[in-house]
Amino acid sequence: MEQPVILVSDQAAVRTLTLNREDKLNAANDALLLQLTDELRRADADPAVRVVVITGAGRGFCAGQDLGDVSGRDMTFTEHLNHTYNPLVRTIRGLSKPVISAVNGVAAGAGASLALAGDIRLWAQGASLIEVFSNIALVPDSGSTWFLPRLVGYHRAFEMMAFAEKVRADDALRLGLCEQVFPDETFRQDVQAYAERLATRPAHALALTKQALGAAMTSSLDEALNREAELQQLAGDHWEHTEGVTAFKEKRPAQFVRAEE
Ligand code: LHQ
């Protein structure tokens, strides 16, 4: 029987989506990209899920487009991106729940974009990222030209893209390409523990925060201030806010997870 290209598992309000083409370092074919996008949408609609983790099976995170799967296509490059990669990246950024890119190994090409696209990026010590596109004389895609210069600045991004050199975990942390680096041996448990901690935070407020931050990346300060004032009303009217303030006054930890949610 053929292996599923995306593995889905739930543990304590955390849904983990694992890219599962281990022998090719989880290089992406259409099935993988379309199923990952579907599973993200399913997770968004499932009230039992509060955090989504994307990771890779085996020693790789994602080696980008499966280069064995590109010849003889009946789609142009533009159509291919618009059909598969771009909806995936838009879905991650538009998801109402936090998405963690759990980068367990090498992330190359569109796989590097996927590693950058999460709201939080957790890396294993042995993980690496390569803006590999110029090795095959292509333009960085799937959001790399948007994410990377915002993290490292235009010039460093251009250099990384021009030489396609491996960025290792310690440098990634220093450059702001990831938030945390965990030991290889305990990586999956450490990611789960981190995600479970994130799942106890106020889900509604975080959804609005994601919306506000996402929009602010391309807006003026004036627009951001107006948006904050509107979204703050939605947050302030929600039970999570009442619970947070009550817990503060009662000098106890706030309980942001309710059974009926
Ligand atoms: C692979 C791949 C791979 C197939 C490793 N495909 N098999 C969008 C839209 C339209 C068209 C084109 O592109 C895009 C976006 C993109 O993503 S373009 C960029 C495509 N990706 C690449 O060019 C990366 C190619 N891979 C590599 O450079 C290396 O494999 C890296 C640096 C990722 C890892 O190197 P190593 O750790 O030395 O592993 P390896 O090279 O030995 O790979 C292990 C196996 O995985 C190997 O198969 P084999 O049967 O020999 O064991 C590779 O052929 C296979 N593999 N990447 N993208």
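Please read these numbers as outputs of a predicted model, since none were measured by experiment. Every number for a ligand or one of its atoms is a count from 1 in the order of the listing. Atom set for the values below is all heavy atoms of this structure, side chains included, hydrogens, waters and symmetry mates excluded. The residues of the chain are indexed from 1 along the displayed sequence.
Within a 4.0 Å radius of atom 10 (C) of ligand 1, the protein contributes at least one heavy atom. Less than 4.0 angstrom separates atom 27 (C) of ligand 1 from none of the non-hydrogen atoms of the protein. Note that atom 18 (S) of ligand 1 has protein non-hydrogen atoms nearby, at separations under 4.0 angstrom. Using a 4.0 Å threshold on non-hydrogen atoms, atom 57 (N) of ligand 1 counts as touching the protein. For atom 3 (C) of ligand 1, the nearest protein heavy atom lies closer than 4.0 Å. In this structure, atom 23 (O) of ligand 1 has protein heavy atoms in its sub-4.0 angstrom surroundings. Inside a 4.0 Å radius of atom 37 (O) of ligand 1 there is at least one protein heavy atom. Counting protein heavy atoms under 4.0 angstrom from atom 46 (O) of ligand 1 gives one or more.
Salt bridge annotation for Arg168-Asp171: absent, with no cationic side-chain nitrogen under 4.0 angstrom from a carboxylate oxygen. Ion pairing of Glu240 with Arg201 is absent here, as no side-chain N (NZ or NE/NH1/NH2) approaches a carboxylate O to less than 4.0 Å.
Among the atoms of Ala110, some N or O lies under 3.5 angstrom from an N or O of ligand 1. Every N/O-N/O distance between Lys166 and ligand 1 stays at or above 3.5 Å.
Side-chain contact of Glu230 with Asn226: a donor-acceptor pair under 3.5 Å is absent, judged by distance alone.
Looking at Arg50, its side chain never comes within 3.5 Å of a backbone N or O of Thr200 through a donor-acceptor pair. At distances below 3.5 Å, not a single donor-acceptor pair connects side-chain atoms of Lys210 with backbone N or O atoms of Asp119. The backbone N or O of Gly56 lies less than 3.5 Å from a partner atom in the side chain of Asn104, making a donor-acceptor pair.
Regarding atom 13 (O) of ligand 1, its nearest protein heavy-atom neighbour is Gln65 CB, 3.4 Å. From the protein, the heavy atom lying nearest to atom 40 (P) of ligand 1 is Arg59 NH2, 4.1 Å. Nearest protein heavy-atom neighbour of atom 55 (C) of ligand 1: Lys24 CA, 3.9 Å. For atom 21 (N) of ligand 1, the nearest non-hydrogen atom of the protein is Ala63 O, 3.0 Å. Scanning the protein for heavy atoms near atom 25 (C) of ligand 1, the closest one is Leu67 CD1, 4.2 Å.
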Just do the side chain to side chain contact (heavy atoms under 4.5 Å, CB included) check on Asp38 and Arg42 with the steps written out, would you? CA-CA 6 Å; Asp38 275 356; Arg42 226 187 301 279; 4.1 Å; yes
Side chain to side chain contact (heavy atoms under 4.5 Å, CB included) assessment of Gln125 paired with Asp170: CA-CA 8 Å; Gln125 186 66 52; Asp170 291 340; 3.1 Å; yes
In sequence, state the C-alpha distance, the side-chain angles, and the governing distance for Asp44 and Thr91, and then conclude on side chain to side chain contact (heavy atoms under 4.5 Å, CB included). CA-CA 10 Å; Asp44 213 17; Thr91 302; over 6 Å; no
Test side chain to side chain contact (heavy atoms under 4.5 Å, CB included) on Leu208 and His238; report intermediate values, then the result. CA-CA 11 Å; Leu208 296 176; His238 198 270; over 6 Å; no
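In the vicinity of Gly64, heavy-atom distances shorter than 4.0 Å reach the ligand 1 atoms 17 (O). For ligand 1 and Ile130, the ligand atoms under 4.0 Å from any heavy atom of the residue are 32 (C). With ligand atoms numbered from 1 in the order given, ligand 1 contributes 18 (S), 19 (C) to contacts under 4.0 Å with heavy atoms of Ile136. The contact set between ligand 1 and Leu25, taken as ligand atoms under 4.0 Å from a residue heavy atom, comprises 34 (C), 39 (O), 43 (O), 44 (C), 46 (O). Of all atoms in ligand 1, listed by their number and element, those nearer than 4.0 Å to a heavy atom of Leu138 are 12 (C), 13 (O).
The ring of His204 has its center no closer than 6.0 angstrom to the ring center of Phe256.
Checking Asp23, Asp141, Thr78 against atom 15 (C) of ligand 1, the nearest heavy atom belongs to Asp141.
When non-hydrogen atoms are compared, ligand 1 lies under 4.0 Å from the side chain of His80 (C-beta onward) but not from its backbone. Only side-chain heavy atoms of Val132 come within less than 4.0 Å of ligand 1; its backbone N, CA, C and O stay farther off. Counting heavy atoms closer than 4.0 Å to ligand 1, residue Ala27 contributes side-chain atoms (C-beta onward) but none from N, CA, C or O. If you look at Met75 next to ligand 1, there are no close heavy atoms at all, none under 4.0 Å.
Across all non-hydrogen atoms, the minimal contact from Leu81 to Pro87 is O-CD, 3.7 Å.
Both cation-pi conditions hold for Arg150 and Trp146: the charged atom is under 6.0 angstrom from the six-membered ring centre and inside a 45 degree cone around its axis.
Shown here is Glu79, whose CD atom has more than 12 heavy atoms of other residues, nucleotides or ligands within 6.0 Å.
Residues Leu213 and Leu231 do not share a hydrophobic cluster, clusters being chains of Ile/Leu/Val/Met/Phe/Trp/Tyr side chains in contact below 4.5 Å.
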